[in-house]
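Below you'll find the structure, written out as structure tokens, and then a few comments.
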Protein chains: 4
Amino acid sequence: MSKIVDKKKRRSEIAKAAVDIFARKGFENTTVQEIADRAKIAKGTVYLYFKTKEDILNEASKEILCELEGNLLHSLSRLTDPVEKLSALITEAMTITPEFEQIFIVYMESRLFHLRDREYGTFIKNFEESLRKVRRITVEIIRQGKTQGAFRNDADAEALAFCLFGAFDGVVMQYLHNKSGFDIENVRNEFLKNFFNGLMDN
Amino acid sequence: MSKIVDKKKRRSEIAKAAVDIFARKGFENTTVQEIADRAKIAKGTVYLYFKTKEDILNEASKEILCELEGNLLHSLSRLTDPVEKLSALITEAMTITPEFEQIFIVYMESRLFHLRDREYGTFIKNFEESLRKVRRITVEIIRQGKTQGAFRNDADAEALAFCLFGAFDGVVMQYLHNKSGFDIENVRNEFLKNFFNGLMDN
Amino acid sequence: MSKIVDKKKRRSEIAKAAVDIFARKGFENTTVQEIADRAKIAKGTVYLYFKTKEDILNEASKEILCELEGNLLHSLSRLTDPVEKLSALITEAMTITPEFEQIFIVYMESRLFHLRDREYGTFIKNFEESLRKVRRITVEIIRQGKTQGAFRNDADAEALAFCLFGAFDGVVMQYLHNKSGFDIENVRNEFLKNFFNGLMDN
Amino acid sequence: MSKIVDKKKRRSEIAKAAVDIFARKGFENTTVQEIADRAKIAKGTVYLYFKTKEDILNEASKEILCELEGNLLHSLSRLTDPVEKLSALITEAMTITPEFEQIFIVYMESRLFHLRDREYGTFIKNFEESLRKVRRITVEIIRQGKTQGAFRNDADAEALAFCLFGAFDGVVMQYLHNKSGFDIENVRNEFLKNFFNGLMDN
DNA sequence: GATGAATGAGCATTCATTCAT
DNA sequence: AATGAATGAATGCTCATTCAT
């Protein structure tokens, strides 16, 4: 009888270890040895669970996206009012925990990766898929708000959702660059206020 | 004097060549040989103008920032009205030319670079400096708008400028990922509209 | 007793599986995993029957030599006339079946192996032993022919047997390299004719 | 001005160093480091002259074949009589110097290599070409001998040349396996005698 | 006995950097 | 100043072998 190992769990463990290092050193500057050390296994063992180092990044990305997606969806789960929903979404996306910080950096590197190599098969497909999914949900919320008369009627839900998600990434990145200079809660509040009410004085 | 100019020009040529390749393959996957080939000089010659490969990225980043900064400032130069100025800024930041695309990817990689290695001396300082500079100008515009009564009085100019610049990067990145799915002009218009008027129906 | 038989049988099965792969990929490029897969057992199981991968090659070589030897001896078994015997030997040695082809390649690799590493204990000893044995039989045939007056009296039986066996290998190798260019039956007939009658016109 | 290095000469030097090691340890068991050490250059330098390790084997094979071919042709150069020519050819092919021994082992490994991987492009083509060339010369000699009435008229020149070259390899291999047991000169003489006069007593 | 997960030594290859010319 | 040959450290990946189950 052979040892029973939960392949999925192991993959996930290794991917998690990898995220730790990727976040600190970047994909290219991380050695498989370092990942193995972090996961407390031998280097060769990594290759029982992953075909290549890039494969590890893929898995890590997938898990990261799942988690980010899960968090966002969770924050919406018990809400019904479109305004509240959008607020929750924005609040969730701009809440930065130390763990999230790590994940975010790897997420950004993954995106850059794709930006360069557009052929990257399944990986990028999952990625795009996931992003689209969350965006679609946002589109729905905006539409719902328009229907209910809460949101202005000329809002292009698609384009706006697109902007929103872009803004999440950009603002978070900006913030990570400049932590000391800004208070994220303040930024988030300002973002919320402006997103809903605009800059113009009425 | 002429020698110094030549040296600067040469550095710039090499940096430009590097941007071409960095954009396509990323910093780590670009070899000095490739950069030299592109610049039509010998590999060894690169080292007469740059101390290390990273040094080339630094120079490239600096030039990129100068250009982006220049573009933004130029778009503001002959305007006086705060609303028009902000509109111009947003429009400029969300105009995507093929050349800009390339630059943007390297810019993003540079940012990621800094996010990881916070000690990175002069490089990161120049970088932050430049970003801060443009942000300060934006802050001024918003303040001016508040003073003139065009913008709502409770707007936190600093935080809002911060959001704005984050949003630029994020939206552009999003767009580059998803070119086929979206029309950047439409997105930009929606962004403008929402930024000034907000989502709520008044 | 049955355990021992089983063990032998299993060793043989594994060795046979190994020959399949060795012939196609060479010893160094064959993995133990491939051999195990082919033999439909687990990788670890291989090591219950063989101490090392080289050990598998040894066993395979031994079996191959046994088979080759057996074939040669069998072809002689019911003959008495030296000329007929030698003819049969040559014919047998130059008959190429698909299975033989595979075996031959591994046999050649084994020989090369020995050529390089002369210390290789038992393995090489078995090998040499086997070759010597068949050569001795050939020597006997030639001597018998000389005694009977069929073969020329100045023939050096030892040297000639030596040549003969060398020629077998070389011709077969040549042929495998150049299958499409030659008809092995024709080559074999010419070999026989020349071996017995020489090239000179009498 | 850059250093002037004779690329061809350097390649050849490296290939020669490689033959030394290949002969002793075989292609797979030879490391590029060992080759570099032997050639007294750095490991990386090897890759300025060869694309891969296999490329080194190719070059080595090519050089070996050139040398073997050159030797054979040289031994024929000033002879005119077919019998003398064939004798010289056989004598040359069965003369074993220490240097030749090394070369021969690598030559054999190369052949085995091809036997397994028939697609191996240019390499195998050069190889076959070279072998064919020498064989064609031999065919000519035999035909000439037939025309002059020296050789029996029913000799199939093609098939016989084929056998001859196979026999060379095989006998040499046999001999290298069994140096202590045989005197190569004696074997060669016996081979010559039997090749020309046959085994039968007339 | 049988399994296959785990190991880690080992190797081909790449590439930033140096330096003799 | 310019070159490009030389270097060798660094790293992804493989695979024979071991051993807990």
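Of the listed nucleotides (E:dT7, F:dG12, F:dG4), F:dG4 has the atom at the smallest distance from the side chain of B:A42. The side chain of B:L48 lies closest to F:dT3, out of E:dA12, F:dA5, F:dT3. Distances from the side chain of D:Y47 to the nucleotides F:dC13, E:dA12, E:dA2 place E:dA12 closest.
Taking for each of B:K40 and A:F27 the nucleotide of DNA chain F with the nearest heavy atom, the 5'-most of the two is the partner of B:K40. Positionally, the nearest nucleotide of DNA chain E for A:I41 lies more toward the 5' end than for the other of A:I41 and B:N29. Between A:E28 and C:K53, it is A:E28 whose nearest contact on DNA chain F lies nearer the 5' terminus. Two residues, B:K51 and D:G44, neighbour DNA chain E, and the one matched to the more 5' nucleotide by heavy-atom proximity is D:G44.
Here E:dG4 presents its C1' atom at 17 Å from CD1 of C:I35, a figure rounded to the nearest Å. F:dT11 atom P lies 17 Å from atom CD of A:E54, rounded to whole Å. As rounded to whole Å, 16 Å separates atom P of F:dA5 from atom NZ of D:K9. Straight-line distance from the CG atom of C:L57 to the C1' atom of F:dA16: 15 Å, rounded to whole Å. To the nearest angstrom, C1' of E:dC15 lies 15 Å from CD1 of B:I21. In this structure, D:E34 places its CD atom 13 Å from C1' of E:dA12, rounding to the nearest Å. Nucleotide E:dC15 holds its P atom 20 Å from the CZ atom of B:F50, rounded to whole Å. Nucleotide E:dT14 holds its P atom 16 Å from the CD atom of D:Q33, rounded to whole Å.
The only option from A:R11, A:K16, A:K8 that meets the salt bridge (charged side-chain N to carboxylate O under 4.0 Å, His left out) definition with A:E59 turns out to be A:R11.
With a cut-off of 3.5 Å on both Watson-Crick or G-U wobble distances, the partner of E:dC15 is given as F:dG8. The partner of F:dT14, taking Watson-Crick or G-U wobble pairs whose two distances both stay under 3.5 Å, is E:dA9.
Across all strands, A:K43 comes closer than 4.0 Å to base atoms (heavy-atom distances). Within the nucleic acid shown, B:Y49 comes within 4.0 Å of sugar-phosphate atoms alone, with no base atom in reach, counting heavy atoms only. Residue A:T45 is in base contact, counting any heavy-atom pair closer than 4.0 Å across all strands shown.
Distance alone, capped at 3.5 Å, is enough to place a donor-acceptor pair between the A:S110 side chain and the A:V106 backbone. Checking side-chain atoms of C:E34 against main-chain N and O of C:T31 turns up a donor-acceptor pair under 3.5 Å.
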Please report the C-alpha distance between A:E54 and A:N58 in whole Å, then the side-chain angles of each, then the deciding distance to 0.1 Å, and finally whether the side-chain hydrogen bond (donor to acceptor under 3.5 Å, both in side chains) criterion is met.
-> CA-CA 6 Å; A:E54 226 169 85; A:N58 294 353; 5.6 Å; no
Decide yes or no on side chain to side chain contact (heavy atoms under 4.5 Å, CB included) for C:R111 and D:L112, but give the supporting numbers first.
-> CA-CA 11 Å; C:R111 298 205 68 176; D:L112 217 44; over 6 Å; no
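Between B:R10 and F:dA1, a side-chain N or O to OP1/OP2 separation shorter than 4.0 Å is absent.
Using a 4.0 Å cut-off between charged side-chain N and carboxylate O, D:E13 and D:R10 make a salt bridge.
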